[in-house]
Structures are given as C-alpha cells and as structure tokens.
Amino acid sequence: MKDNVQSMLTQALSEINGAADLTAIEALRVKYLGKKGEVTTLLRSMGAVAPEDRPEMGRIINEAREAIEAALESAKEVKSASALNDRLIQEQIDVTLPGVAKKRGHLHPLTVVMNEIQDIFIGMGFKVAEGPEVDTVYNNFDALNSPADHPSRSLSDTFYITEEILLRTQTSPVQVRTMKASKPPIKVISPGRCFRFDELDATHSPMFHQVEGLVVDENITMADLKGTLDVFAKRMFGEQTKTKFRPHYFPFTEPSAEVDVTCFKCGGKGCRVCKGSGWIEILGCGMVHPNVLEECGIDSEKYKGFAFGMGLDRVTMLRLEIDDIRLMFENDMRFIEQF
Amino acid sequence: MLVPIAWLKDYVEIEDLSLTHFEDRMVMSGSKTEAISEVCQGIKNIVIGKITEVKRHPEADKLWVMQVDIGERVTQIVTGADNCFEGAYIPVAVHNSWICGGVKIKKSKLRGIDSDGMLCSLEELGFADNVIPKKFADGIYILDGPLPLGAPLQEAVPEFADQVVEFEITPNRPDCLSMLGIAREAAATFERPKRDIARVDVPEKGDINEVASVEILDADLCPRYAAKVVRSVRIAPSPMWMQLRLMKAGVRPINNIVDITNYVMLEYGQPIHAFDSDTLGGGKIIVRRAHEGEKIVTLDSVERTLDHETLVIADATHPVGLAGIMGGENTEITDHTKNILIEVASFDKTNIRRSSKALGLRTEASARFEKGVAHCHVMPVVDRVVQLIHQLDAGDVVGGVIDVYPKPLEGKEIVARPARINAIIGTKLSEEAIKGYLERLEIVCTLENGLLRCQVPAHRLDLEKEIDLVEEVARMYGYDVVDTTLPHDASTGGLNYNQTLVAAARAQLTADGYNETSTYSFVSPSQPDWLNLPEDAPERLQIRLINPLGEEYSVMRTTLAANQLEVLARNFNRRLPAVRSFEIGYRFIAASLPLQELPEERQTLVMGAFGPTESFFTLKGSVENLLDLYGIQGVEWRPMTTHTSYHPGRCAQVFHGDCCLGTVGEVHPKVVEAFGFEGKAYLAELELAWMIEKSNLDRKYNPLPKFPAMSRDLAVLVRDEVTNAEMLEILKQNGGKILESVALFDVYKGKQIEAGHKSMAYALVYRAGDRTLTDAEVSKVFEAQLAALSTAVGAKLR
C-alpha cells in the first residue's frame, strides 16, 4: 500500500506538472482530492490496513495529500499568472488614440488675465468693488477733480446718454462710490468695462477694460504705493521684474506717476514688444488728491490714500502676445480656445 | 514740444551731460520724452562749397553745370535746381558721400557731362517737408556765408550737428511748452545755473503813444495787453541760425518778422502777433467782445461770422483779429508792410477754448492760450522781440511801450508743512532739504515756526495748494529713491458672495465645454427686430447714446441674446462645426425714457450652442448642472410656446416658485436666418442675478444608506401629449415612503408603437432606511404606481 501511495503521488505530481491550464488543474484537484478522488479513496481503504500500521499509513497519505495540494496551489498560481498575462496582452490598446472626454471650454483671455491680477491683489488684502457701466458725469469727472472744461469731457472723447449721464470713461467712479459708501480703511480693486470715443482699430476699441486700485487709511504713503505695485509687478511678470516710477499728471492724484516694468519678453535688453527701450508702461498711479478725498466725505488731513489703474486689455495683449485688440471682441472660438 | 539741444544750451549749462543721462534724469524729474532724433541723421562727407560758375547744360534745358570750390579743388556738379547762383555757399555731397535716408552719392554723368556728386536740398539733409522754407522747397539750401570751403558741413555750421528731444508736456505744465521752461526744469534737475540771454541797448526813436493806443473793453477776457511799434520794417529772410533752429523745433521759417515772433514764442511760450499798423484804422487797438454776427476774414482767407462771446482785437471800426487765435487778413504783414504793431497779450483760457471750438479753428496760439500762458512773460517778451529786430536789422523801434494791465496778479504764497510732506511721500527729509528742493524750482521759501512759506514763481500756474508742493519735492527728491514699503493694515481680501458665484459659474460652464465670450455693451437698435420680438417687448426700451460711433453701436443692450447669436453666426460662417459659448454681462433696463436716473444694470448669463450633438436637452442639462451648483432646488420647467425668438414647441422657462430664472430653447428658424446663418441653434438666457439670489450653498451631511436598494424598470405606453413632468409627479406621489429616486431613461416612438403614442421608460429605485426591503413590499408599491399611471394618463404597461 505504501507503494500505491508513492506511485499515486508520483503520478499526481507529474500530471499536475503537465497540466495545460486552470481547468486542467481543477480537474486534477477533483481527480485526486475530490470526494471520490484517489487520496480520499486511499483514506477510505485504511480499514484494510493493520491497526498498528494505521498511524504510519495515515501520516504517509496525509503527507502525499499535502504534497498534491501544494503542487496544485503552486501550479494554479503559475497558470493564473500566465492567464492574466495573456489577457493583458490581448487587451493592449493604442494609447495614442484620442481621449473621449467632452472638450473643455475656455475662459476669455481678459478673464484669464483678470483672474491673475485679482488673485495677486486679494492675496495682498484687497477686496473687489464693482460699479455701473452707465454712471453720472459727477462720479466720472466732477468728483475726481477733473476741470470743468477738460477736453476729455467733450463729445469727441466721451459717450453721453444725457447731459448728466454717460458711459464711464474709467473705473475711477467706482472709487468715488466706494469712498462715499464706506469709511476708511478702504482697500479695493475695481475691474470693469470703460468706454471712450475711439474708432475701432488694431490698438483702439471704444469699449475696453480697466482695473483700478484704491487704498485709503491713516498712514498711507507714496512709499506704500511703490511697494504695493512692486509686489504686483513681480508676481504678475516674474520675480526678476523691476519697476520704474516716473512723475506724471492726473487730475485725481498728486503726486502722480506712470509705472514702467522691465520688458517681460526680453528682460530689459530691448525688443519689439518694448520698442527697444527695455521698459513697458503698464499703469498710472498716485496719491489720492485731497480734493477727491474731501469731495467723497473723507477727512484729507486724517486720511491719505493711493490709487492706481491699468488697462486690462493692454496688459492682456502684452501678456498673451495678442497683436490686435479686435480679436478680443470678435469671439472667434479658435482664438478663445488658445487660452 | 521739440527741443533742439543746441538751442537749449543758450539758457542752461548742460554741455557736459551725455544725451542719455540728460534724457533719463529729465524723465525722472517729470519731463517725459517721446523721442530723440539726430539732426541730419546719417549724412557723411557733406562739405561746404561755393559756386564759382553756373552754366546751362548743353544737352538739357532743365539742368545746370556748376563749378564748385570745395577748398582743396574746384569740382564740377550738375544739378536740376534753379536757385543756385555764383558766389552762393552750398552743402555739397561729393563723390562717396551719404545724404539723409541712407543714399550714397557717387560721381556720375548727367546727359554726357561729369558730375562729382550733388548739391543738397534741406530734404536731403533730413528736414521734413513741412518745415522747409517755401523758398527752398524745390531748391538747394543756400547757406549764410562766408564759411570755410571744404569743411564738413556739421563742423562749419554746428546747428546741423544737433539732437532734438521731443518732450511730452502734461496739461498741468504749460510753462514747459517753451525753451525757457525746459531750461528751468533742466537747471532744477541737474542743479545747474541758468544762462541769461545777452542784451544790448536798442536805439529807439519817437513815442508809441503818438502813433497807437490800446483800450481793453472786456478785461475779464483780456487781463493784459502790451503793444510795441516798429517802423520801416525790412522784410527779408531771417538768418540761417534762426531758420535752422525754427526748423528743428518744427516751425517753418517765413520771413524775419514772423520768424522773430515764432522764435520768441518758442523761447517763452508766449504767443505774439504782429499787425501791419498802417492798416489799423486810427492806429487804435480795442479789445472787445464781437458784436453778434460780426464778420472777419482771417489770415487763412476764410470769412468767419462771430458770436458775442468771441473776443476780438479791433481797430476803431472793424475786428482785425480773433484774440489769441488768428489775425485778420486786413492787417496781415506783407512784403510791402512798412510799420508794424507787435501784440503781446494775455487772454482767458476758457474763452479761447470756447471760441476756438465754436469757430472750428485751432492754431498754435489758441492751443497755448487754452492751456494757460502766464502774464509775467509779457514785458520780457516785448523786450526780446525788440532785441531781435534790432539784431536782425529788421526795422526801427519806436520808443515806449503800451502795457495795459488793469489788475496785476499778486504773487501766490503757499504755506506747507514739512512733516506733512514727509508723511505723504514716506520720507524723513529735513526742513532744510525740503526747502532746498523747492528752491531749485525757483520757489522762494522761508521757514517760520516749522512752516514753509513758499512764494510761487509767476510762471507756475499749476501750484496752488500744499499738495502741489508735495509733488515738487517728491520729483526733485526722486521717485526712484522713495522707499518701497507695504501698507500696515489688517485687511483681509477676497471676493464677495456674488463674485464667488459668478466665478463658480464661469468654472462650471467652461468645464462643461462652453467658451467665454466678451461682446460690446452698446449695440444696434435693430436687435429686437432680429430677435423677432413683439412691438411691446421690454427689450425695445433701449437707452440711446447722444454721440454714438455709428448706428450699430448706438443703444445700450437690453438683451445678451442678440450678441451671442452674432457670435454663433460668425463662428458658423467661419466654418466651425460646433460651438458652445457663453457670456456673463450686464443688460441695461431703463425705468423710463428719456433717462431720468441711472438704469438698472442686471447681471445676465447667456449660453449659445450649435453642432451635431447639441439639442434642447444638452443645453437644458448644462443649465440643470448650474442650478445644482447653486443649490437651487425644486425648479419647474414650463413649456413656453409664445416666446417669438424660439421654436414654439422647443422652448421652456425655468421657474423657481413664481420667479422666472430664464428661458432655454431652440432658436426660431426665422431668427437664425436674421442673424445670417442656418441650421439649428440653441440659446439659454438666464437671470444670473436672480439665480444668485436664490442660491443656497449650505450643505449638510446626509448619512449614507445602510440597507440595500432595490430597483425596478417601468416601461409604459402613453399618448404623445403626456409630459415627463406629469409622469414623474404621479410616480413620486404613489411611491410611498420607499421610493428613493425615479429617472427617465428612454423615450421611444417607432413601428411597434401605436400612432400618437410613445413609450416611456423609468428606472425606479426603492430603499428603506431601517431594513432590507422585501420583493413583496416593492412590488406592492410598484403596482400602485402603475395603477395610478393607468388611471391618470391611461398608461399601459409594455
């Protein structure tokens, strides 16, 4: 009987070794270890073994069963690994075929750049103030210290609806509204549409966008204005960016300045974008004129402020290298989808 | 303002400064430059020559053969110019020289005669057409001799070796529209001394009061009027140095008298006019408002009819000039003029602007008076004109001067606080330092008890308050050396609720495949027509601009739909196969017209789409996602059959309670056609402002289900007119407590379906929160739902 067990084991191991696939392995499991399998049969035939030999025989059969189980297990592992491998090979695809996701949409370039600007100023503690596109002559000019006979008020510069109502030519009326509606400290930027009497061409549009900033508090200085815009320029155009504040004139600020940044295309060496100068003018700014503060009900002795403004369209065009402003309002999808 | 550097050096010591340094520092002290140009740029080897012989070209009527002495030799040059004569000094471009514009000159033969180069016109030396004296317009420039023959032109006549800086003068600094003004700025910027203009004693004969008188009737418009008379004027070209300076400053030389008035105007910024005094009736000057309808023919030979607000210079009977704008033809200086009266006056800037605009006549003089001319230059200018007339031997000066100045301006004093100045700029300058900066600008300061009493120089019209002096100190100190600090505050930035939701909508819509667009706020008044809107549509209440750029931009938009359809049409016509687009913007709603108060500007979202995979439902799905993003629940989609912009059977309005949040639909074929494209287009017009009002971003956790759900599908046959909304309502009402969700997954019409009917299939999900449902429980509810459908809408199970 011992020999029977031995030969069955040899036979079983050889068959397991030769099994073609998982099905064959399962068949062998049934053949040897199933209810009517050979090992089971052998165990059942233990009755015929002498009682004193039974423990020994039992041990031998169990050892054989364990050996078969182990062989089955390892054969199964090998076969399933190879079966998986075969499947994976069969399932291979051309991953360079296009994705099937729905095409995403794109923000308008003005929004893209506005979001960047907004994020920078929000990070510096600014809130966002908005105001109407149609506003009063008072908010747009009078309250901003603009002389009554200033040419910018004329019908050839400004769109009017009535003698008292116009399309704002700048976002500065939002500053007036903000100062009248709230008490210092004030720290806002005001983005929005503006309108000026310009024929549409590659560099002019009768509708354009500005972003202005206004800070009013007790101890604001021109140095704070410089610092704030310097941080903005570095975040917007890169850490290596330098700013240059040149004296200028605006009715609603004094002292006033224009700000140049080192050309972000050439880094200041001079190129087509900066017309060879290495600098690009990007904004106007200054300390809020005391006349403006007083007009808005703010004590100009107690409070000071600074304001700045830039053309969003211009910054967007420079930033994204767009050479014709008309593209921005034509809304060709092939244009918008580039940003 | 064009400033030739050689001229500027007459008034300030800047010889040793490089041009770049000069420009940089001037810009940083507030005088912005627009451009710098080199006079005679690119010329090479052009030398002084003298014509020794002029002969006709034997073969060509229009050519001349010149013998020209260029020092080392006499050479032969053929020219077509007619203004050459023997003895004339001229610029010669000899063989292998360069004239302006990068043209190389070589010897050649003209009609068989050797020519060793060419003689130069002003144009060939780099001067613009509009400044070249008429006399030399088509000829060679004749130089004032004698000059060293053969010497390089730019060495012999240094005015040809010059740079011209163009300054952009801001409107607050009209005083800088002059050589002296720029010289003052340069002196302050570089802390350099100014140079005085050399004077000589001018012999004068007679007394002006015997030949002329001045009377100001309207002193409100003419605060000061000075007159000087010159007799026996000798009209001639002005000397070369003056002509060249004028040309470099952008002014065309005319004759000595006119050139002197222009030259002194450029020096001081004070316009000057000269009358032929023999044509002045009674030798009288009367400054008065014009009579209504009074006429004058101005120097440009145009007859102008005046109104009562126009100030004129008149003689005893007629207007002889428009004050501060242009002289009259009747008193114009001609080649025959013998005696002149020179006017140096101050006029009210607002009145000059008004009259100039009313007459449509803008001149150099009016432009300057409009910006502001200080009264203080009047007498120095009279003196300077006399000096130059004498120097140029242009006439005999009559003794005395008339200066009518009824209310002389008093000097302005501004009291400034050094501490305040430092507080605004962010500096810690000493009182002395501040005083020093102001005094550079000729502001005389005295320090009294910590206060600076500042005497404003009369030429500075812009300095009125302490803040004006702050700016002066800041720019003299240097904006570039002001510290860079950040405000010390505790403010927290961020978007408000409305802005956050708008940004969220943008993000959602772009994720959903819609491109953001930006279109004009002013539009064509025809938009409501194109949209097929009825006569009484509120969109027709359009706010009109008084001065639009054109009809197509003449009203404020009352809808965003038309602009979006234009976008769709443009892209369709550019052959794009499919488009999804949106715009978030304002539309303008007037309470009444004409506008009495500011209109309502309502934030609106419009979405548009076309393409093979688009339908009413794709757009609706996008809107539903947006509503979900905003947490707006329980909306109702009502069929909208009467909105004339849309397909009557494919349009819905979405309601939240009684509030209509917007319209979604397939665009009416007539409207698609009106916008110039074809096929199907879809549009959603949404009241974004109201959606934000109804939004609810409050989210609370709902425990996840612990027990399994059971699902059943239900397919029934119903009549066509039964809507999904009705079906859902019935299914929900009869779902008991265990119906978790119900969703339509198929609508089918086809061969197997009875005519006028459709098959609708729903996925029903049942679940209980406290136990696993049994089949029987679910079946009971399912049967009840089916029965209800059968009763209510005659649904038959398929």
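Chain identifiers are assigned alphabetically (A, B, ...) following the order of the sequence lines, protein sequences preceding nucleic acid strands; residue numbering begins at 1 within each chain.
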Query raised in the report: What part of B:R353 is in contact with chain A, defined as an atom under 4.5 angstrom from a non-hydrogen atom: side chain, backbone, both or neither?
Result: side chain
Query raised in the report: Looking only at side chains, do B:E516 and B:T510 share a donor and an acceptor under 3.5 Å apart?
Result: no
Query raised in the report: Between A:K234 and A:D230, does at least one N-O distance fall below 4.0 Å, as a salt bridge requires?
Result: yes
Query raised in the report: Hey, which residues of residues 187-195 of chain A are touching chain B, say heavy atoms under 4.5 Å apart?
Result: A:K187, A:R193, A:F195
**Report entry** Salt bridge A:R334-A:D332, side-chain N to carboxylate O under 4.0 Å
**Finding:** yes
Query raised in the report: Among A:G123, A:S256, A:P151, A:P185, who wins on heavy-atom pairs under 4.5 Å with chain B?
Result: A:S256
Query raised in the report: In terms of heavy-atom proximity below 4.5 Å to chain A, should B:P487 be classed as side chain, backbone, both, or neither?
Result: both
**Report entry** Interface moiety of B:E566 toward chain A, non-hydrogen atoms closer than 4.5 Å
**Finding:** neither
Requested in this report: Taking the six-membered ring for Trp and the full ring for Phe, Tyr or His, determine whether the centres of B:F522 and A:F159 are under 6.0 Å apart.
Outcome: yes
Query - Toward chain A, the part of B:A474 with a non-hydrogen atom under 4.5 Å - result: side chain
Requested in this report: Below 4.5 Å from any heavy atom of chain A, which atoms of B:E168 appear? Answer side chain, backbone, both or neither.
Outcome: side chain
**Report entry** B:S29 versus chain A, the contacting section by heavy-atom distance below 4.5 Å
**Finding:** backbone
Requested in this report: Examine whether an atom of B:I543 lies under 4.5 Å from a heavy atom of chain A, and if so say whether it belongs to the side chain, the backbone or both; otherwise answer neither.
Outcome: side chain
Query raised in the report: Without hydrogens or angle criteria, can the side chains of A:T169 and A:D157 be said to hold a donor-acceptor pair below 3.5 Å?
Result: no
Requested in this report: Against chain A, label B:L595 side chain, backbone, both or neither, depending on which of its atoms sit under 4.5 Å from a heavy atom there.
Outcome: both
Query raised in the report: Contact part of B:D468 toward chain A, heavy-atom cut-off under 4.5 Å: side chain, backbone, both or neither?
Result: both
Query raised in the report: With a 4.5 angstrom heavy-atom cut-off, which part of B:R574 approaches chain A: side chain, backbone, both or neither?
Result: both
Report task. Could you tell me whether B:E185 and B:R475 make a salt bridge, using a distance below 4.0 angstrom between a side-chain N and a carboxylate O? Result -> yes
Report task. Side chain from CB out, backbone as N, CA, C, O: work out which of these in B:N422 comes under 4.5 Å of a heavy atom of chain A, or both, or neither. Result -> neither
Query raised in the report: Checking heavy atoms, do the side chain of B:R420, its backbone, both or neither come under 4.5 Å from chain A?
Result: side chain
Query raised in the report: Say you draw a straight line from CE of A:M287 to CZ of A:F306; how long is it, rounded to the nearest 0.5 Å?
Result: 8.0 Å
Query raised in the report: Is there a salt bridge (Lys or Arg N to Asp or Glu O under 4.0 Å) between B:R557 and B:E583 once you walk through the steps?
Result: CA-CA 13 Å; B:R557 60 184 177 183; B:E583 179 175 15; 3.4 Å; yes
Query raised in the report: Side chain, backbone, both or neither: which part of B:D480 has an atom under 4.5 Å from a heavy atom of chain A?
Result: backbone
